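Data block below; observations after.
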There are 2 protein chains.
Amino acid sequence: MSSVPAFKRLPRAVREQQMLDAAVKVFSRRGFHAASMDEIAEDAGISKPMVYAYLGTKEELFVACLHREGTRMMQAIAGAAAPDLPADERLWRGLRAFFGFVGAHRDGWAVLYRQARGEQPFAGELATMRARLVEVVAGMLDHALRADGREIAAIDLEVVAYALVGATESLADWLADHPDAEPEKTATRMMNVAWLGAAQLLHGVTWRPPAD
Amino acid sequence: MSSVPAFKRLPRAVREQQMLDAAVKVFSRRGFHAASMDEIAEDAGISKPMVYAYLGTKEELFVACLHREGTRMMQAIAGAAAPDLPADERLWRGLRAFFGFVGAHRDGWAVLYRQARGEQPFAGELATMRARLVEVVAGMLDHALRADGREIAAIDLEVVAYALVGATESLADWLADHPDAEPEKTATRMMNVAWLGAAQLLHGVTWRPPAD
DNA sequence: GCGTAACCCTACGCACGAGTAGGTATGCTC
DNA sequence: GAGCATACCTACTCGTGCGTAGGGTTACGC
């Protein structure tokens, strides 16, 4: 009679992924606090204690989500922007991969990311990820500069990179809120804003405040 | 005996401001959810029911904070960037005012703003404010374009403006996290990234994706 | 000086949701 | 097929914190 159990038993690795899928979905929809562990468990087709057994507390679960999605994103970018390309080409491919990723995970990644910015417990995790991005961008700029025989203070580079990353994140938000927008086009627009400005800087053109 | 009450009674308008001050402080420190109405009340030197009587529920209180601080910021910007100035001058003054404001309210405005991004209930309020900013920036770009005899699709303008606003917000975050950074210098850096790129666009220089 | 409105309090009710205790079934190993 | 680990469940406890009931006190108009 019980030869076919209503719901089959699955190995841990599989269930963990299902739970993470559900968690990303629910966290995105409701936000970290409004999301309940019960709903996540139900959505994963499992009971709550299993979630605790496998992924730990609510905070740990959220961090796990952030980590998995963040890693996927970084891989998407890294896979697209080979380090031996010229800077503008790298930037372009990186941006295209980034917006492509966000576009394909509209209600996952972007929202998760947004959540994490507000809550202190996750500031660390977030900062790490952003720092890696900033580092990559700053490295690209620096590389291009040296090839041009010029040099800029590291802090300035970091701030510029920060601004570029910020602008990109912002457009990612915009993309997440506009279901019909095309990721590719968004990336092009970002290039227009970012690279034209950055290219000027790289060629030694700077803006100075008026004497006033 | 009771000629000098331990704590004096104050008119509503005054108490409301005190409550809002306390609320901004606590919301910033703890985040929306972790902040408790009790703590806010205590910090304001008043009891909880008064807060409910004057400012309503926790959500309404948060919106009130957001609204007051947002209005102050907009005024600071509007007061600095007179509409009859040339576009670059306006942008510069607006940015300087903005970063000045954020710098002066490091643990108030920026953190509050960050909070609001994550929680759905406030998305509307936030979107309204950002939309006003985007509109202003887009208007500046558009104005500069027309003066140059050129024209760009409204959507493109909006997206560019969005990116600029995003970059600016991002640097505001950076500023909030770096107590020693100078707002003025940050504004200059932002100008470098933003205006040099925007200026190129305004002069008809655009970046196009490689045939690939 | 007396009523009334505004200011302010001490206590509670109550829902919600994180996390757990304790137990059952299933498959795998030898 | 006995033993054991792994997958899985139902049914709780318990803290936390929002929001309120109900009542006291000071100022102000008349």
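Here the structure is a predicted model, which means the values were calculated and not measured. The sequence lines fix the lettering, A, B, ..., with proteins before strands; numbering per chain opens at 1.
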* Among D/dG19, C/dC9, D/dC8, which nucleotide sits nearest the side chain of A/I46? -> D/dC8
* Could you work out which one of D/dG19, C/dT20, C/dC7 sits closest to the side chain of B/R9? => C/dC7
* Is there a side-chain contact between B/R68 and B/Q17 (heavy atoms, below 4.5 Å)? -> yes
* Asked: Are A/F101 and A/I77 side-chain neighbours, meaning at least one heavy-atom pair lies under 4.5 Å?
  -> no
Separation of [X] atom [atom1] from [N] atom [atom2], in whole Å?
X	N	atom1	atom2	result
A/M37	C/dT20	CE	P	10 Å
B/E16	C/dC7	CD	C1'	13 Å
B/L61	D/dG19	CG	C1'	13 Å
B/M50	D/dG23	CE	P	19 Å
A/L10	C/dG27	CG	P	11 Å
A/D38	C/dG19	CG	C1'	10 Å
A/Y52	D/dC8	OH	P	18 Å
B/L55	D/dG19	CG	P	13 Å

* Asked: Between the side chains of A/E119 and B/H33, does any donor sit under 3.5 Å from an acceptor?
  -> no
* D/dG19 base to B/K48 side chain: any donor-acceptor pair below 3.5 Å? -> yes
* Under the 3.5 Å rule, do the base of D/dT6 and the side chain of A/R12 count as making a donor-acceptor pair? -> no
Answer with base, sugar-phosphate or nothing: what part of the nucleic acid does [X] contact at a heavy-atom distance below 4.0 Å?
X	result
B/A34	nothing
B/S47	base
A/A41	nothing

* **Cationic N near anionic O, under 4.0 Å, A/E69 to A/R72** => yes
* B/R117/A/D173 ion pair, N-O < 4.0 Å -> yes
* Asked: OP1 or OP2 of C/dA6 less than 4.0 angstrom from a side-chain nitrogen or oxygen of B/R15, does that happen here?
  -> no
* Between A/Y54 and D/dA7, is there a side-chain N or O to OP1/OP2 distance below 4.0 Å? -> yes
